[in-house]
Each structure stands twice: as C-alpha cells, then as structure tokens.
Number of protein chains: 2
Amino acid sequence: MAAPKLLLVEDDPALAELLEYRFQSEGYNVRTTADGDEALMLADEDVPDLVILDWMIEGTSGIEVCRRLRRDKATAHVPIIMLTAREAEDDRVRGLETGADDYLTKPFSPRELLARVSAVLRRVRPALAGEMLEVGDLKLDPVAHRVERRGQQLAVGPTEYRLLKFFMESPGRVFSRGQLLDGVWGTGSEIEERTVDVHIRRLRKAITVGNSPDPIRTVRSAGYALEAL
Amino acid sequence: MAAPKLLLVEDDPALAELLEYRFQSEGYNVRTTADGDEALMLADEDVPDLVILDWMIEGTSGIEVCRRLRRDKATAHVPIIMLTAREAEDDRVRGLETGADDYLTKPFSPRELLARVSAVLRRVRPALAGEMLEVGDLKLDPVAHRVERRGQQLAVGPTEYRLLKFFMESPGRVFSRGQLLDGVWGTGSEIEERTVDVHIRRLRKAITVGNSPDPIRTVRSAGYALEAL
DNA sequence: CAAAGATGTTACAGGATTACGACAAACTTG
DNA sequence: CAAGTTTGTCGTAATCCTGTAACATCTTTG
C-alpha cells in the first residue's frame, strides 16, 4: 500500500522537524514548508492525501491557504487539519466553516495528532488505511490487491487496478480525463487524454462478469464516473 | 434537500434538550435517547446520517456503543462525534481509534458542535451539506453531474446541463439570450441568438417527467427564467 | 382583423466525442 | 534471455450533440 502523502505547513522549525520525524517513522510520506504560498505550490504540483496546516504562518495566512486549496478543483477534496495556538472558539468555528476538516489546539501531543490524521484518512480515504472498498457489487481489497464482483475474482491489470481504486474512493463522482491522469498516473504525466478512454475500456472489460451491468458511466464532454448501481 | 438525520445519545436531560432544540431549528431531524442500548436499537431501525455520542452514558458505555455501531455493517460508515467530559488525552485518542470521527470536550458551545456536525457531514455526505443545487422539485448534483426531478433521473445533454445549472444558480432571474450565450456558451461566442430557443426547448423536453409543469418561464422580448414552482 | 414581431417546433447535416480493435514498444517474469 | 503482459498511441467506426434554417403558432399593435 502506498504511503499516504502528507503536506505539513508549519513555521516553527522545532515543531516541524519533530512532527516530520514522527510521521516518517509511522510510514507517512511528508513534505514540509513554512510558507503559505509555497504550500499552495507544493499541493498543486503533487496533490497530497492530507494537509496539516498551521493557522499562523508567514506569507499567506493559514485560513487563506485553506480557502485557496478548497477553491482549486484539484485540491478541493483534500482533507485539512488545522493547528491553532488560539483558544478562541470563533477561530475554530471559522476554520471549520472555511473547509478545514478538523483542528487541534496547541499545545498537543504528536500522538494525538497521529490519531487524528489516521482517523481523518480512514474516513476520507479508506484505502489508505487498508480498509476494504465496496461500491455496488464491486469489492476491492487494497491490502491483498484483489478485486471481486459477485464473489468472483477478477483479473485486473495494474493500471486498471489503480484506476478502479481511484474511482471507488469517490463513488458517483465524475472525473475529467485530466483529473484521472493526475490521480491515477501521477501529476504531470505526459500522456494523451485519449489514452484514458482505452483504459476505461479495458477496465470495463475486466470487471464484466456474465452479463453484469456496466457500472462506469460516460459523461459526455465531462469524463467518467463509477456508479453504485 | 432531505433533512440530515441525527441521533443524539446524551444522558444529561438539560443538555439533551438544549441541543435537540438547536439542531431542530437548524433544520436537522433529531432523535434523542439517554441509553446506549436504546441508541443501538434506534440506529438499527432507521440508520441516521450522523451520531452524536456522549462518552459517559447509562447502560452500554459510549465507547462500546461506538464499537458496536462500527461492527454492524449497516451503521459501519455512519460518522460519530463523541462528547467527553474528560480532559485526558488517552480517552480522546482511544475514542478516535475506536472509530469515532471526531470528539468535543465538555464544556463546548452548541455553535461549535453545529460547525463540527456540518463539517463532518460535508465530508461524508456532500449531498446533505448543500453542495447540491435545488430549485422547486429539480435537483442538480454538480459533483456527480446528475439531474433529477421527483426522484427520477433525467437524461440531459451537455449544453442543456450547463444551461440548467446556470439557471439554477439564480432561480427566478430572467436572462436575455445574450446573457445566456455569455454565461453558458462563453463570452464572445459567435452563435445566433435564436439558437438559445432551441436549447430551451430541448431542456424543457429533458426535464419533463410525466405531466410535470414547465418550470421555465418565457418572458416575451426579454428572455427566460427558471421558476421555483 | 391584419400585419408585424416574437417564440415554439421540427428536421437535418456537419461536427464533436467516444468506443473499439490492432499494434509496436516497454516492461515483467521465470 | 525468451515468453508473456502491459501500455500508450492510432485510425476508424459508431454515436451523440449542435447550430441553423424553415415553418408553425402565438402575441401585440395599429
């Protein structure tokens, strides 16, 4: 299972280093920055699985970073945990309303932050926590790397597997070919968008058992979506 | 939009009543109980969209309720917010590890709980948190790219979809053909204004289900508007 | 009521988008 | 290294969508 990618935005060097070390030893893939604008750049060039964001940072403020992450379609659904030194309830409420998923008030223990990160990831990206994904009659086991439908094992190629997993993490949601290339092939892949069609076709073929219905919906001029039939 | 269904498990009568009142006035559908076993029964007979669970309750303990909710397939993915009077970090971590999605430490303000509930719902059930456009009996889900009326899926072409979405973002407002061309086709499109008529016609046809009334009003010599019938 | 103006309706051809099959290169695996 | 898989790209077929024109119908106005 791929290590969850975290983006840590924290301008206290001591705390940043401590957290980076702790998360890495827990198997996370961490990038760190102290600057709001740089954080947005990093998030844009390689979309992380979760952002830990200090409220009070240099450059663009935490809440502004949060807002911009939400505005950009690529990062709109990335969960955000805010760190705040303030006790004021207003700030916490404002953070949540801006789109943060959670917050912690300093001081906090690394252990508590770890628990939160893991809880949020489990909720938002079950596959990263090793949980079984189920959509309709499709089951995907991220640990065993197996896919089955109606109790039947399916032979799914590597790319089709990643594609299916990506879809199953957001059932019903429509993804453009560009979004699929970013999410499945990795940001900045130099691949023709038409190629996505071919892999969709291969995936469709692979998950067909008997005369089962096609759970992948083509949305003309928009992209594809996996339906929970 | 259907009111989100909350299940409140709280054994302090005063607090329970206060919260119940606040949530109801915010448009939530709330059921309350003070007992852990009863909570499980209620959750089982009508699965709620979110559970607010006091750690210290009579009967089955909060953490046990949490565990059992997670174990039952029907309720395994219902988000849980725990309320705890304890300050101990251990308890909070334990709560998160047991499968709670979030917790609040007493005392907290109803406003903060409301913000949390809304944040969690927005994550888990976007449709319940208002990321969906609704006008009259029309529903448009921009994420899933779906349109339905009276619970029935509608087949809407790409341009009609954009047109409808544009209308639904400003219900009741009249748009001239020129404004529609700018807003839906993009500024500077070299298209005959009469073409709009044709797409209005196609949209009307597409959103007709049975003998439903036509929600698109023609304003002679001015344009069209979508009415919230 | 007749004429002018505006909107509704239909048909159609060209255009745009997607599905499919095949293939060569790159990559895995034994 | 050889056999087999996987992958990205093309060309073409199939499908769907779109804009326009032509005509019908309705509304306003004189």
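Proteins come first, then strands; the chains are lettered A, B, ... in the order of their sequence lines, and each starts at number 1. Only heavy atoms go into these numbers, but all of them, side chains included; no hydrogens, no water, no symmetry mates. As the structure is a prediction and not an experimental result, all values here were calculated from the model.
Between A/Arg194 and C/dA19 there is no side-chain N or O to OP1 or OP2 distance below 4.0 Å. OP1 and OP2 of D/dT7 both lie 4.0 Å or more from every side-chain N or O belonging to A/Trp185. Checking the phosphate oxygens (OP1, OP2) of C/dG5, no side-chain nitrogen or oxygen of B/Arg220 falls inside 4.0 Å. Contact annotation: B/Arg177 side-chain N/O to C/dT7 OP1/OP2 distance is under 4.0 Å.
Closest to the side chain of A/Pro158, from the set D/dT6, D/dT9, D/dC26, is D/dT6. The side chain of B/Thr159 sits closest to D/dT18 out of D/dT9, D/dT18, C/dG8. Checking D/dT9, C/dT10, C/dT7 against every side-chain atom of B/Val198, the shortest atom distance belongs to C/dT10. In the set D/dT9, C/dT7, D/dT20, the nucleotide with an atom closest to the side chain of B/Ile191 is D/dT20. Picking from D/dT7, C/dT18, C/dG21 the nucleotide with the shortest atom distance to the side chain of A/Tyr224 gives C/dT18.
For the atom pair NZ (A/Lys5) and OH (A/Tyr28), the distance works out to 14.5 Å, reported to the nearest 0.5 Å.
Among the heavy atoms of the strands, none lies under 4.0 Å from A/Glu193. Here A/Ser221 lies in heavy-atom contact (under 4.0 Å) with sugar-phosphate atoms only.
Judged by distance alone, with hydrogens and angles left aside, B/Arg202 brings a side-chain donor or acceptor within reach of the base of D/dG19, the pair sitting under 3.5 Å.
In this entry the distance linking NZ of B/Lys205 with C1' of C/dA11 reads 11 Å, nearest Å.
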